[in-house]
Amino acid sequence: MKRIARKSGELVGLLPKINPVWLACVPLSAIIFVVWNAAAQAQDAKPLTPEDVQNALNTIWVLIAAILVIFMNAGFAMLETGFCRQKNAVNVLAKNLIVFALSTISFWAIGFSLMFGSVSNEFFGTGGWFLSSSDPATYAMPKYLPTSVFFLFQVAFAGTAATIVSGAVAERIKFVDFLVFSLIIVGIMYPITGHWVWGGGWLADLGFKDFAGSTVVHSVGGWSALTGAAILGPRMGKYINGRTSALPGHNMSIATLGCLILWIGWFGFNPGSALAVNETVPYIAVTTNLAGAAGGIAATFTAWAKDGKPDLSMIINGILAGLVAVTAGCDGVSYWSAAIIGLIAGVVVVYSVSFFDNLKIDDPVGATSVHLVCGVLGTLAVGIFNKDAGLITGQFQLFINQIIGIVAVGAFTVIVSGIVWRILKATLGIRVTPEEEMEGLDVGEHGMEAYSGFVKESDIVAGGHYASSVDMETPSTR
């Protein structure tokens with residue numbers, strides 16, 4: 001051992017005496033050897049073709065887009081938590097975190113096959129359950145994409161539909177009921193209507209167009225959210241003596257952060273739906289951005305004119321409204337049309353929030369207005385502004401197709417979700433007790449607090465006039 005150490009020392013001692021040029025040649029020689037060896041092995045392999053390179057780029061892009069859409073779950077979590085009260089923060093965060101895990105398992109087991117199974121009819125697909133086939137022919141999907149990548153992109157969309165429901169039923173729903181409903185919407189409801197449009201079903205044959213999901217994703221989530229909020233009833237203290245009371249969110253900073261995360265994620269949502277790297281990807285990115293920006297501006301000035309103040313919550317929802325509305329037609333409308341769609345959505349979302357309040361349908365985050373109303377608006381906008389077949393070209397058939405698709409998907413979703421919510425109400429009981437709702441779902445449902453040590457709203461109002469008013473407004477059936 002001493003001899004080896006001595007020899008090593010002698011070699012180290014020689015290093016300063018060696019010309020630096022020769023030292024630099026050592027790593028260079030290693031690189032040349034590795035590359036030469038790889039080239040020699042590749043001589044017997046099939047050479048890369050332009051098609052191989054294009055398919056690899058397509059796969060990488062769709063994978064990146066899927067990750068962006070999955071990251072939108074963080075945006076939803078921040079947005080909904082900020083818009084809700086601090087005593088329910090843990091509950092909202094828990095729902096948004098677990099919903100994607102549930103969505104992944106439910107969509108993997110049956111949802112993906114119901115939506116894209118190639119052994120299909122006009123209403124649902126079958127075959128390849130549990131992602132058991134790696135053959136693209138098993139599923140109605142592009143042949144150039146690996147099944148795994150296509151699944152990951154689609155499950156990100158499926159999770160979004162379930163997350164939309166979370167905000168509308170926040171602050172009063174039992175955690176277990178939300179979990180059950182999430183499994184059903186992602187495993188059954190969303191895939192069936194999705195098959196009609198994206199899986200080769202009857203709406204696709206009709207000529208209905210929804211490029212990235214204003215109806216397939218946002219309206220399905222919105223219809224389910226509206227049905228759930230209506231059956232669940234409003235939060236305690238929201239509507240008193242015929243008047244709407246403000247129950248403001250506790251952290252507009254993280255709500256704004258959530259909006260920005262969602263805005264960034266939309267560049268995976270819409271451009272990623274091209275499912276390839278081509279000239280449409282940057283074009284879609286621009287139409288998406290224009291609509292979101294126009295929606296935010298329109299909502300700002302609409303709320304300012306309507307209520308006398310530029311409401312931050314309306315700025316946030318205006319941006320999201322524009323993004324939702326352009327999602328259906330982002331590939332086929334002009335830049336001007338995208339901006340107009342966003343402007344209209346930004347105005348509509350402000351009045352939509354007031355409309356649902358007048359109906360006493362309590363939606364703490366405005367999910368119904370953003371995703372349902374603007375999802376429907378955006379789907380209709382395709383029939384108006386599409387550059388090839390919209391009303392602006394003097395053609396009417398696409399507009400009629402869009403109306404048929406909106407009504408069909410809406411009717412199916414309302415009926416099925418209504419049945420599911422009613423069954424849950426009759427069996428598990430979908431609403432927490434008045435005591436839990438007053439104290440906050442963080443303690444009642446999870447046994448913890450998001451801001452331990454801080455004064456909670458319930459600590460202030462308990463026993464006061466607000467509590468008395470709340471008791472009068474407690475729903476009689478739960």
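Bear in mind that the values here come from a model prediction, so they are computed numbers and not experimental data. Only this structure's heavy atoms are used, side chains among them; waters, hydrogens and symmetry mates stay out.
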(message) Are there over 12 heavy-atom neighbours, none belonging to Y283, within less than 6.0 Å of that residue's OH?
(response)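 For Y283, atom OH is crowded (more than 12 foreign heavy atoms under 6.0 Å).
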
(message) Looking at M448, I'd like to know if its CE atom is crowded, meaning that more than 12 non-hydrogen atoms belonging to other residues, nucleotides or ligands lie closer than 6.0 Å.
(response)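 Count not over threshold, so no.
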
If we ignore hydrogens and angles and just use 3.5 Å, is the side chain of [X] paired with the main-chain N or O of [Y] as donor and acceptor?
{"X": "D363", "Y": "T368", "result": "yes"}
{"X": "D442", "Y": "N91", "result": "yes"}
{"X": "N58", "Y": "Q54", "result": "yes"}
{"X": "Y335", "Y": "T287", "result": "no"}
{"X": "N55", "Y": "D52", "result": "no"}
{"X": "S166", "Y": "A162", "result": "no"}
{"X": "S352", "Y": "S369", "result": "no"}
{"X": "R422", "Y": "S417", "result": "no"}

Distance-only donor-acceptor check, side chains [X] and [Y], under 3.5 Å:
{"X": "T280", "Y": "D331", "result": "no"}
{"X": "T379", "Y": "T215", "result": "yes"}
{"X": "E80", "Y": "N96", "result": "yes"}

Test of ring centre spacing under 6.0 Å for [X] and [Y]:
{"X": "F157", "Y": "F153", "result": "yes"}
{"X": "W196", "Y": "F124", "result": "no"}
{"X": "W108", "Y": "F130", "result": "yes"}
{"X": "F150", "Y": "F116", "result": "yes"}

Over all heavy atoms of both residues, which pair between [X] and [Y] is shortest? Give the atoms and the distance, please.
{"X": "G366", "Y": "N317", "result": "CA-ND2, 4.3 Å"}
{"X": "A137", "Y": "K143", "result": "CA-NZ, 3.5 Å"}
{"X": "N88", "Y": "E171", "result": "ND2-OE2, 2.7 Å"}
{"X": "I315", "Y": "P310", "result": "CD1-O, 4.5 Å"}
{"X": "A170", "Y": "K95", "result": "CA-NZ, 3.6 Å"}
{"X": "A325", "Y": "S214", "result": "O-OG, 3.9 Å"}

(request) Determine the interplanar angle of the H250 and Y451 rings, folded into 0 to 90°, and report it as parallel if under 30°, tilted if 30 to 60°, perpendicular if over 60°. (result)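 Answer is perpendicular, since the angle exceeds 60°.
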
(request) On the 0 to 90° scale, with breaks at 30° and 60°, tag the W421-F181 ring pair as parallel, tilted or perpendicular. (result)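 Aromatic pair W421/F181 classed parallel.
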
Can you find a heavy atom in the side chain of [X] that is under 4.5 Å from one in the side chain of [Y]?
{"X": "L93", "Y": "L97", "answer": "no"}
{"X": "W202", "Y": "I404", "answer": "yes"}
{"X": "W61", "Y": "P271", "answer": "yes"}
{"X": "V365", "Y": "L79", "answer": "no"}

(request) Report the C-alpha distance between F269 and H218 in whole Å, list the side-chain angles of each, state the deciding distance to 0.1 Å, and finish with yes or no for ring pair (Phe, Tyr, Trp, His ring centres under 6.0 Å). (result) CA-CA 12 Å; F269 206 99; H218 296 285; 5.3 Å; yes

(message) Between Y190 and T413, does the side-chain contact (heavy atoms from CB on, under 4.5 Å) criterion hold? Intermediate values first, please.
(response) CA-CA 8 Å; Y190 168 80; T413 306; over 6 Å; no

(request) State whether R235 and E437 are salt-bridged, where the test is any N-O pair (Lys NZ or Arg NE/NH1/NH2 against Asp/Glu carboxylate O) under 4.0 Å. (result)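 Here R235 does not pair with E437 in a salt bridge, since their nearest N and O are not under 4.0 Å apart.
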
(request) List the steps and the verdict of side-chain contact (heavy atoms from CB on, under 4.5 Å) for Y239 and D357. (result) CA-CA 9 Å; Y239 305 111; D357 272 337; 2.9 Å; yes

(message) By the definition side-chain contact (heavy atoms from CB on, under 4.5 Å), identify the one residue from I70, V217, V155, V220 that meets it with T160.
(response)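 Exactly one option meets the side-chain contact (heavy atoms from CB on, under 4.5 Å) with T160, and it is V217.
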
